[in-house]
Amino acid sequence: MAPRTSSWPVWSGILSTDNNIKSADDWIEARRKEDGADKLWRIHDGLYNLEQWINKHPGGPQWLEITKGTDITELFESYHINGKAATAVMHKFYVRQTESPRKSPFTFKPDGFYNVLKSRVAKKLSFVDSKNYHIKSMLVVDTYYLLALALCVGMAQTENFFLALLAGIVLALGTVASHNFTHLKDNWRMYYVQLVLLSVREWRISHVLSHHIYTNTVQDLEMSLLYPFIHWFPTTDKPFTVRLFPYLTPIVYPFIIPGQLAIRTFKCNNNKADLLMFVIPAILMFCGQMTISYVIIAWLFIVLTSSFMFTFIGFSASHHFPDNFHDGDHVNDEYIDWGIHQIETSAERNEPIKNIFITIATFGDHTLHHLFPALDHSLIPLLKDTFEDTCKEFGLDLTPKSCTTIMHGQFKQLSRVTPNNPKNNRTDIKLDNNI
């Protein structure tokens, strides 16, 4: 895939669409070369040495270990809702100012949309006992995985492939639900995703550090890793097979997650957590009388089914509606409020069933999740009124679309080659002083 210039003229350097970006580790290494962090951690225009903070970090050491040598401005802003407390801690580790401007086009102005919304959310959450809500999420994800493993036991004892199909579907739903825990501080539930061959470390890079921060841009690794089979950008270099036959693209869905394991293995980036992928074949082997060859076939069937369902849910969640911003579309300004960017890259989805078992397993309330990824998903519904009121004040459109409309929209986006005209310039909107 040839390198492509970003919609933002300020964005240059190594992008996720360069030929040498083949994996999450390639992407993070490219960031280290381009971000001007000098082997430290960059936040806005300051450099910080967090070596002594790694093992004391409330979110766990992995976040800081992965991000060393990169610009973590967006991650710092979106993961610390109480910005004052986090900033106070960071002063202890300040080293010096950077020598180069940030390459990211995203801003966090004090009176900008995101910081205004964040301050209101922080105030609202100060009256909430988050632990009780967190328990709900834990029960939901544990239920999905226990049910999936029980179905695997049933498959082993009956050799009924319908049970294997159900196991793959439930495992996919559980994987989407457990994605909530990969966003939170280091915890053992985040390793649930390893059962379907995903890697927690790799997922945190490609999904949290890349997709969540730079959504639908050339820095969004999830936009480009599947080229040429999937191509979301509205550009003329789109393969004709994708452009003319978008409804055939799901044939690659079953192989996406196993493909990531293959790349990880080829690059020797496996780790001890990858051993968890053998939990399911071990259940199939020791809970029934199946032969080894039959166990392998059943395991592959479960994994491929899970990969298909997980990918389909992910692509249908919110981002790939043709009215959303995708890099290649025209932009009004060199810089944009990061929160507004998250809204412009997500189609607000009408949630027909307000139930945590459904929303957490289908990437529900997706825009709010993107704005506050560090929050347990069970807390997201509490923020809806605050979010809608703030969007109204800033003139941001939150007209919801049905699930089926967004689902079909992803295929229209695959066919789209004409860039959208910019939306109304919202970066200069100021909050009314009387509000």
Side-chain angles (χ1 to χ4, degrees), residues 23-44 46-96 98 130-131 134 137-138 141 175 178-195 197-214 221 260-261 264 267-277 369 372-377 379:
S23 69
D25 282 283
D26 291 334
W27 183 86
I28 200 70
E29 284 302 321
R31 290 287 311 281
R32 291 189 177 106
K33 294 177 181 178
E34 293 293 314
D35 281 352
D38 295 338
K39 299 181 181 180
L40 299 171
W41 287 262
R42 177 174 185 161
I43 300 175
H44 295 291
L47 293 179
Y48 300 82
N49 187 347
L50 303 178
E51 287 286 354
Q52 296 180 355
W53 185 242
I54 289 179
N55 292 322
K56 299 177 182 178
H57 182 226
Q62 190 178 65
W63 291 113
L64 296 183
E65 290 170 351
I66 292 174
T67 57
K68 182 180 180 179
T70 69
D71 184 342
I72 61 171
T73 301
E74 286 84 3
L75 191 70
F76 178 81
E77 293 284 356
S78 60
Y79 266 70
H80 300 93
I81 297 179
N82 187 347
K84 293 181 179 179
T87 301
V89 173
M90 294 304 297
H91 281 312
K92 302 176 183 178
F93 307 104
Y94 175 78
V95 177
R96 59 179 171 83
T98 59
S130 59
K131 291 183 179 179
H134 187 51
S137 297
M138 292 190 290
V141 72
T175 302
S178 64
H179 131 273
N180 173 62
F181 293 89
T182 62
H183 281 281
L184 307 181
K185 65 181 181 180
D186 293 350
N187 63 92
W188 66 266
R189 283 182 175 83
M190 69 184 185
Y191 291 105
Y192 273 145
V193 302
Q194 303 272 170
L195 271 64
L197 313 187
L198 286 171
S199 161
V200 170
R201 182 182 180 278
E202 196 172 75
W203 174 258
R204 279 184 159 181
I205 295 173
S206 65
H207 184 72
V208 182
L209 304 184
S210 179
H211 166 69
H212 259 262
I213 301 301
Y214 308 110
L221 193 53
Q260 292 303 301
L261 173 64
R264 193 160 69 246
K267 289 179 170 285
C268 300
N269 289 331
N270 299 90
N271 53 58
K272 293 180 180 179
D274 281 319
L275 294 175
L276 291 171
M277 69 180 178
H369 167 60
F372 301 103
L375 290 181
D376 187 282
H377 206 287
L379 293 168

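We count residues from 1, following the sequence as given. The shown structure was predicted, so the numbers you read here are calculated from the model rather than taken from an experiment.
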Of the non-hydrogen atoms in Leu197 and Leu261, which two are nearest, and what is the gap between them?
CD1-CD2, 3.9 Å
With a 6.0 Å cut-off (strictly less than), is the heavy-atom count around NZ of Lys267, excluding the residue itself, greater than 12?
yes
Centroid separation under 6.0 Å, is that true for the rings of His212 and His183?
yes
Can any side-chain N or O of Asn187 pair as donor or acceptor with the backbone N or O of Lys185 at less than 3.5 Å?
yes
Taking Arg264's backbone N and O only, do any of them form a donor-acceptor pair with Asn269's side chain (distance below 3.5 Å, no angle check)?
no
Strictly by modelled atom types, are His207 and Glu202 linked by a side-chain donor-acceptor pair under 3.5 Å?
no
Could you check whether any side-chain heavy atom of Ile66 comes within less than 4.5 Å of a side-chain heavy atom of Leu64, counting everything from C-beta outward?
no
Tell me whether the rings of His179 and His369 are parallel (<30°), tilted (30 to 60°) or perpendicular (>60°).
perpendicular
Does any non-hydrogen side-chain atom of Ser206 lie less than 4.5 Å from one of Trp27?
no
With side chains defined as the heavy atoms from C-beta onward, is the minimum distance between Pro373 and Tyr79 less than 4.5 Å?
yes
Between His134 and Phe181, is the ring centre distance below 6.0 Å?
yes
Is there a donor-acceptor pair under 3.5 Å between the side chain of Asp35 and the backbone N or O of Asp71?
yes
Side chain Arg32, main chain Lys68, donor-acceptor under 3.5 Å
yes
When you look at Trp41 and Phe93, which way does the ring-ring contact (aromatic ring centres under 6.0 Å, His included) test go after all the steps?
CA-CA 10 Å; Trp41 287 262; Phe93 307 104; 9.3 Å; no
Distance (rounded to the nearest 0.5 Å) between Leu221 CG and Ile205 CD1
9.0 Å
Within-4.5 Å side-chain heavy-atom neighbours: His44 and Glu77
yes
Kindly say whether Leu40 contributes a backbone atom to a donor-acceptor pair with the side chain of Asp38 at under 3.5 angstrom?
no
Mind checking whether Ser130 and Leu379 have side chains closer than 4.5 Å, heavy atoms only?
yes
Does the side-chain contact (heavy atoms from CB on, under 4.5 Å) test come out yes or no for Met190 and Arg204, once each step is laid out?
CA-CA 10 Å; Met190 69 184 185; Arg204 279 184 159 181; 3.4 Å; yes
Distance alone, cut at 3.5 Å: any donor-acceptor contact between the side chains of Arg201 and Gln62?
no
Say whether, by atom type as modelled, one donor and one acceptor occur between the side chain of Thr67 and the main chain of Thr70 under 3.5 angstrom.
no
is_close_aromatic(Trp53, Tyr48), centroid dist under 6.0 Å:
no
Between Gln260 and Ser199, is there a side-chain heavy-atom distance shorter than 4.5 Å?
no
